[in-house]
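See below for the structure under consideration.
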Amino acid sequence: MDLLAACRVFVHVGERGSFTLGAAAARVPQSVASRRIAALEDHFGERLFDRSTRRAALTAFGRDMLPSAKRLVQLAEAMEYDAERAKLRPLAFAVPETCSVRRLAVLDAAARDRGTVLDLRPAGPAGRVELLRSHEVRAALVAVPPGDADWVVPLGVASRADGGAVPLRPLHLETLRPGRTERSFRRVWIQPEDDVPHVRDRLERLGHRAALVPAQLTVAPSLVAAVSEATRADGLLLCSAAQAEELGLRWRGLAGAGASVARGYDVSALGRDEARRLRGGLGDQLARALGAPLEAAVTGGTSGPAVTEATAGGAREENGRNGRNRKNGKNNVDGEGTGHG
């Protein structure tokens, strides 16, 4: 017997003094209401209603039991209400500042369709880790080496769109090497999102291999400053293809063996449920928000994008050089900080 369903009918019939009105209030057929009352009486071993009259009159036992039945029904209704509120509680989620408003709006809409309300908090790499540490958010997209990532975003360089829509060939960094008599040189501007060891240090090693002047690889104080320098002074912006398109810049990859550079992202959360909801149910939408390709899953990932062979090779080289092992848990922050499991 469903005790709660039976008590709900008992309360409605007892308050109205009618099986017909009580059944209607409980939204069940009258025959169902009668069977539930009979089952409840069998369960208690006493009559709840006097059936010798036309009205559904409570017996003395029924009058004694009605208050506790009301409390049970009210408690169940309060629990159902609290459950609905809990499902609608926003999930504070720290995301990269490089994600466009349009792509984040698509992510938010997809989450709502799945019953999750997101409170998106754009921040830089260190800021996202700190927001999670301080429990200001319940989950964050943290920057990790590509070999440890669920989503990998290949990086190249972007410049002013002066040459029309003709695709540019991949850039060999050594072509940026200034001549002995040249006093000026082209810079590659690194935005704050990429001021992390697995991106910045790798690019610096590639620049050293190409014999670039150290000042040619410069970290900008903000994305706005990086884009401004790239467009004003014939510079180059280190970014993804998706970001270049949104900024109206022409993008090209980096050429040469082992010349790949990529961002890596993983979900770190305070609880396993938050990580599961984000990584499992919204994997494709997160990939699009980050600008990651979608062709296939990342090695070690469960629902992430593709990693090209060049990018994967660069990640293996990077991890081998630093002596890194695969991370020990999906909810731990690697690289710049320590997360929460």
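Just the heavy atoms: all of them, side chains too, but no hydrogens, waters or symmetry mates, feed the values below. It should be emphasised that the depicted structure is a prediction, and the values quoted were computed from it without experimental measurement.
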**Asked** Do V213 and P178 touch side chain to side chain, with heavy atoms closer than 4.5 Å?
**Response** yes
**Message:** According to ring pair (Phe, Tyr, Trp, His ring centres under 6.0 Å), does anything in residues 13-42 pair up with another residue at least two apart or in another chain? List the pairs.
**Reply:** F19-F49
**Item:** Considering all heavy atoms, the nearest A149-V152 contact
**Value:** CB-CG2, 4.0 Å
**Prompt:** For the atom pair CG (L120) and CG (L104), what is the distance rounded to the nearest 0.5 Å?
**Reply:** 5.5 Å
**Request:** Flag the pair S260 / R202 as yes when at least one side-chain heavy-atom distance between them is below 4.5 Å, and no otherwise.
**Result:** yes
Under 3.5 Å, sequence neighbours excluded: what are the donor-acceptor pairs made by side chains of residues 67-80?
unit_1: S68; atom_1: OG; unit_2: M65; atom_2: O; d: 2.9
unit_1: K70; atom_1: NZ; unit_2: E15; atom_2: OE2; d: 3.4

**Request:** Look at the side chain of W151 and the backbone N and O of G283, then say whether any donor-acceptor pair between them is shorter than 3.5 Å.
**Result:** yes
**Note, L206 side chain near V261 side chain (heavy atom, < 4.5 Å)** = yes
**Asked** Who passes side-chain hydrogen bond (donor to acceptor under 3.5 Å, both in side chains) against R187, sequence neighbours left out?
**Response** T218
**Item:** Taking every non-hydrogen atom, the tightest pair across V199 and A262
**Value:** CG2-O, 3.5 Å
**Asked** Partners of S31 by side chain to side chain contact (heavy atoms under 4.5 Å, CB included), sequence neighbours excluded?
**Response** P29, R35
**Message:** If hydrophobic clusters are built by linking Ile, Leu, Val, Met, Phe, Trp and Tyr wherever their side-chain heavy atoms come under 4.5 Å apart, do V106 and L286 end up in the same one?
**Reply:** no
**Request:** Could you check if a side-chain atom of R138 sits within less than 4.5 angstrom of a side-chain atom of R89, using non-hydrogen atoms only?
**Result:** yes
**Fill in**
Residues passing the salt bridge (charged side-chain N to carboxylate O under 4.0 Å, His left out) test with R277, sequence neighbours excluded, are D273
**Request:** Using a 4.5 Å cut-off on heavy atoms from C-beta on, say whether the side chain of L141 contacts that of P96.
**Result:** yes
**Prompt:** Hey, mind stepping through Q191 and S222 against side chain to side chain contact (heavy atoms under 4.5 Å, CB included) and telling me if it holds?
**Reply:** CA-CA 6 Å; Q191 52 188 296; S222 67; over 6 Å; no
**Asked** With sequence neighbours left out, which residue pairs that include part of residues 108-119 fulfil the salt bridge (charged side-chain N to carboxylate O under 4.0 Å, His left out) condition?
**Response** D108-R112, D119-R121
**Item:** Listed partners of A210 passing side chain to side chain contact (heavy atoms under 4.5 Å, CB included), at least two apart
**Value:** L173, E174, L212
**Request:** Please tell me if the side chains of M1 and D42 come closer than 4.5 Å, counting only heavy atoms from C-beta onward.
**Result:** no
**F185 side chain near L176 side chain, heavy-atom distance below 4.5 Å** = no
**Complete:** Taken to the nearest 0.5 Å, the spacing of H135 NE2 from L131 CG works out to 11.5 Å
**Prompt:** So, does Q243 use its side chain to make a donor-acceptor pair with the main chain of G291 at under 3.5 Å?
**Reply:** no
**Request:** Go through the steps for L282 and F93 under the test side chain to side chain contact (heavy atoms under 4.5 Å, CB included), then give the verdict.
**Result:** CA-CA 13 Å; L282 297 169; F93 184 31; over 6 Å; no
**Request:** Could you tell me whether R279 and D266 have a side-chain N and a carboxylate O separated by less than 4.0 Å?
**Result:** yes
**Asked** Same hydrophobic cluster for L278 and L290, using side-chain heavy-atom links shorter than 4.5 Å among ILVMFWY?
**Response** yes
**Message:** Test of understanding: with side-chain hydrogen bond (donor to acceptor under 3.5 Å, both in side chains), list the residues that count as partners of R36, not counting sequence neighbours.
**Reply:** none
**Request:** With sequence neighbours excluded, give me every side-chain hydrogen bond (donor to acceptor under 3.5 Å, both in side chains) pair touching residues 18-27.
**Result:** T20-Q30
**Message:** For E130, I'd like to know if atom CD has over 12 heavy atoms of other residues, nucleotides or ligands within 6.0 Å.
**Reply:** yes
**Fill in**
Taken in chain and number order and not counting sequence neighbours, the residues that satisfy side-chain hydrogen bond (donor to acceptor under 3.5 Å, both in side chains) with R47 are E41
**Request:** Find the distance between CD (E245) and SG (C239) and round it off to the nearest 0.5 Å.
**Result:** 11.0 Å
**Request:** Specify the closest pair of heavy atoms between D194 and L155, including all atoms of both residues, with the distance to one decimal.
**Result:** OD1-CD1, 3.8 Å
**Asked** Same hydrophobic cluster for V219 and V196, using side-chain heavy-atom links shorter than 4.5 Å among ILVMFWY?
**Response** yes
**Request:** Give the C-alpha distance, both sets of side-chain angles, the deciding distance and a yes or no for side chain to side chain contact (heavy atoms under 4.5 Å, CB included) between V117 and L91.
**Result:** CA-CA 6 Å; V117 179; L91 171 59; over 6 Å; no
**Request:** Keeping the roles fixed (side chain from R263, backbone from V153), state whether a donor-acceptor pair exists under 3.5 Å.
**Result:** no
**Fill in**
Interatomic distance, CG@L107 vs SG@C99, rounded to 0.5 Å, equals 8.0 Å
**Heavy-atom closest pair, residues Q285 and A110** = CG-CB, 3.5 Å
**Request:** Return yes if some donor-acceptor pair links the side-chain N/O of H198 with the main-chain N/O of V144 below 3.5 Å, else return no.
**Result:** yes
**Message:** Tell me whether W251 shares a hydrophobic cluster with L247, the cluster being built from Ile, Leu, Val, Met, Phe, Trp, Tyr side chains joined at under 4.5 Å.
**Reply:** no
**Request:** Evaluate side chain to side chain contact (heavy atoms under 4.5 Å, CB included) for V28 paired with V9, printing each intermediate quantity in order.
**Result:** CA-CA 9 Å; V28 296; V9 171; 4.3 Å; yes
**Request:** Taking the side chain as every heavy atom from C-beta outward, state whether Y265 and R128 have any atom pair closer than 4.5 Å.
**Result:** yes
**Prompt:** Hey, quick one: are L21 and V13 part of the same hydrophobic cluster, counting side-chain heavy atoms closer than 4.5 Å, chains of contacts allowed?
**Reply:** no
**Request:** Name all residues meeting the salt bridge (charged side-chain N to carboxylate O under 4.0 Å, His left out) criterion together with R200; count only those two or more places apart in sequence or in a different chain, and write none if there are none.
**Result:** D195
**Asked** Does the R103 side chain pair with the main chain of R288, one donor and one acceptor, at a distance under 3.5 Å?
**Response** yes
**Fill in**
Rounded to the nearest 0.5 angstrom, the OG-CZ distance for S159 and R250 is 6.5 Å
All N/O donor-acceptor pairs, side-chain side in residues 223-238, below 3.5 Å, sequence neighbours left out:
unit_1: E229; atom_1: OE1; unit_2: R232; atom_2: NH2; d: 3.0
unit_1: E229; atom_1: OE2; unit_2: R232; atom_2: NH2; d: 3.4
unit_1: T231; atom_1: OG1; unit_2: V227; atom_2: O; d: 3.0
unit_1: T231; atom_1: OG1; unit_2: S228; atom_2: O; d: 3.1

